[in-house]
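Okay, so here's the structure we're looking at.
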Amino acid sequence: MTQSPLATARQLLFLLRKIHISPGYFLVPVLLSIGAATFEGMGMGLLIPMLSGFLQKDFSFLTQLPIVSIIIGWLPAVVSRSDRLLFGTLLGFFIVVIVLKNILRYSASVAMSYLGTRTVHHLRKQIFNAYLGFGKLFFDTTNIGHHSTVLSQFTTESLQPLLNVDRFIHALFSLIAYIVVMTVISWKLTFVAIPLFIILHWSVRGMIRKIVALSRQSVDRTTELGKKVIEILSTMPLVKAFNMEEEERDLYTKISDERSRLEYRTNVLRQLIGPFQELITLVAVLLLLSGMLYLLIHGGNTSPPSFLVYFYLVVNATNKFGAMTGFQSNLAAAAGPIQEVMKV
């Protein structure tokens with residue numbers, strides 16, 4: 001039975017508890033990612049008055065905008081009487097917001113990188129300690145190659161989603177911020193756009209399930225390959241004595257070839273997700289452009305600059321959605337390694 005990404009995420013959390021790593025440790029990078037997403041949404045919202053002012057050649061409307069007018073009220077009165085100063089103030093707000101967004105985003109990445117690498121270290125240490133606690137009979141009846149693969153490779157692969165969770169959080173909350181701004185611009189278009197994002201999500205679920213299955217098969221072949229390497233190298237005198245070089249070479253080549261084919265198929269599916277999403281996005285953008293033209297022709301309160309920002313938000317939202325799907329792909333690829341690690 002194919003395991004869902006949600007089940008893999010629960011196993012990952014269980015694995016963290018087993019190595020005494022509290023999920024609360026990751027609260028700092030998560031909050032930093034949420035903060036970065038919030039400032040990104042604010043920056044997108046500020047684009048609307050900037051474009052409107054450029055096209056109208058008048059920024060006096062800023063003194064009537066909610067929140068912005070309050071901030072302008074704190075500044076010297078000369079600012080509200082000058083178009084240039086109003087533009088400079090708005091531009092300054094925009095620059096500060098974008099700089100803060102990037103600072104928070106970088107801080108979240110650095111914090112997650114540190115926590116992720118230390119978690120991998122603790123997992124390797126915990127597994128190594130577990131192996132040291134096993135008796136001689138355990139190693140007499142199991143293959144050393146498999147244990148070596150688990151210790152050196154599967155530990156990192158099983159925690160790979162954890163290393164990217166800050167990107168997922170940032171993409172999720174950025175998407176929420178985009179939807180809020182899009183709704184403010186035109187709730188009618190957003191009413192059409194949200195179902196398109198849902199279709200985009202469900203369209204890749206089949207690929208995710210296939211990646212999970214391939215991940216398990218790849219883990220099996222990796223284990224077999226590790227076992228064979230240890231077996232051949234540890235019995236090399238016997239291989240030479242009985243002239244078994246060709247047989248061992250053929251068997252090793254067969255296992256390695258099967259693993260390479262599985263890895264290729266997995267990579268093909270993972271690389272297909274992006275172009276497939278872009279094609280669906282193209283259809284969605286064409287539908288939304290048609291809606292924008294309809295609303296512009298038949299009148300309404302929404303201005304052309306708002307529609308330009310709306311279009312830009314849709315494109316960016318698709319990229320954020322792709323990052324979220326990539327995280328699900330990482331979870332799917334980690335399903336096999338997580339199960340092997342949990343067996344120790």
Side-chain angles (χ1 to χ4, degrees), residues 5-6 9 23 26-51 67-68 90 93-113 115-116 160-187 189-205 208 273-274 276-278 280-282 284-285 288 305-331:
L6 183 59
F26 300 91
L27 186 61
V28 171
V30 166
L31 291 177
L32 289 172
S33 296
I34 294 174
T38 301
F39 280 110
E40 185 169 351
M42 291 172 59
M44 296 301 102
L46 288 174
L47 285 177
I48 300 175
M50 289 183 67
L51 287 175
I67 302 177
V68 176
L90 182 61
F93 288 160
F94 181 76
I95 292 174
V96 169
V97 165
I98 297 302
V99 169
L100 287 176
K101 186 265 289 188
N102 282 283
I103 291 175
L104 291 176
R105 185 72 194 93
Y106 176 73
S107 301
S109 299
V110 171
M112 183 57 69
S113 177
L115 289 171
Q160 191 61 42
L162 189 66
L163 301 176
N164 296 321
V165 72
D166 62 309
R167 299 177 188 176
F168 172 77
I169 295 296
H170 178 258
L172 174 62
F173 281 89
S174 293
L175 186 60
I176 294 174
Y178 287 174
I179 291 175
V180 170
V181 177
M182 289 163 61
T183 303
V184 172
I185 294 174
S186 174
W187 67 266
L189 285 176
T190 306
F191 184 76
V192 176
I194 291 179
L196 294 175
F197 287 129
I198 295 175
I199 293 173
L200 189 63
H201 168 72
W202 285 101
S203 64
V204 299
R205 287 183 66 86
I208 297 296
I273 291 176
F276 186 69
Q277 286 181 330
E278 286 190 13
I280 297 179
T281 302
L282 177 62
V285 167
L288 292 174
S306 298
F307 280 135
L308 289 175
V309 174
Y310 194 96
F311 180 78
Y312 179 70
L313 287 172
V314 169
V315 175
N316 270 1
T318 304
N319 294 332
K320 300 301 181 183
F321 197 87
M324 293 171 60
T325 305
F327 179 75
Q328 295 181 25
S329 177
N330 286 335
L331 277 175

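These figures come from a predicted structure and were not determined experimentally. The first residue of the sequence shown is numbered 1, and numbering continues consecutively from there.
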Which is it for E40 and H170 under the side-chain contact (heavy atoms from CB on, under 4.5 Å) test, yes or no, and what are the steps along the way?
-> CA-CA 10 Å; E40 185 169 351; H170 178 258; 3.1 Å; yes
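Shown here for L162 and M112, the closest heavy-atom pair between the two residues is O-SD, 3.4 Å. Here the shortest heavy-atom pairing between G43 and V97 reads N-CG1, 3.6 Å. Residues G116 and L163 approach most closely at CA-CD2, 3.2 Å, considering heavy atoms. Taking all atoms of both residues into account, the shortest heavy-atom contact from A177 to G41 is CB-CA, 3.8 Å. Nearest approach of I169 to S33, heavy atoms of both residues: CG2-CB, 3.9 Å.
Environment of CZ in R105: crowded, with over 12 heavy atoms of neighbouring residues, nucleotides or ligands closer than 6.0 Å.
Between the CG atom in L100 and the OG atom in S107 there is a gap of 10.5 Å [rounded to 0.5 Å]. Atom CD1 of I98 and atom CD1 of I103 lie 11.5 Å apart (nearest 0.5 Å). Separation of atoms CG (L47) and CG (L90) is listed at 9.0 Å; rounding is to 0.5 Å. With rounding to the nearest 0.5 Å, the separation of CD1 in I95 from CG in L46 is 11.5 Å. The CZ atom of F39 sits 11.5 Å away from the CG atom of N102 when rounded to the nearest 0.5 Å. Taken from CE in M44 to OG in S174, the straight-line distance is 9.0 Å, to the nearest 0.5 Å.
In this structure, F94 has no ring-ring contact (aromatic ring centres under 6.0 Å, His included) partners at least two apart in sequence or on a different chain.
The main-chain N or O of S109 is never found under 3.5 Å from a side-chain atom of S113 such that the two would form a donor-acceptor pair.
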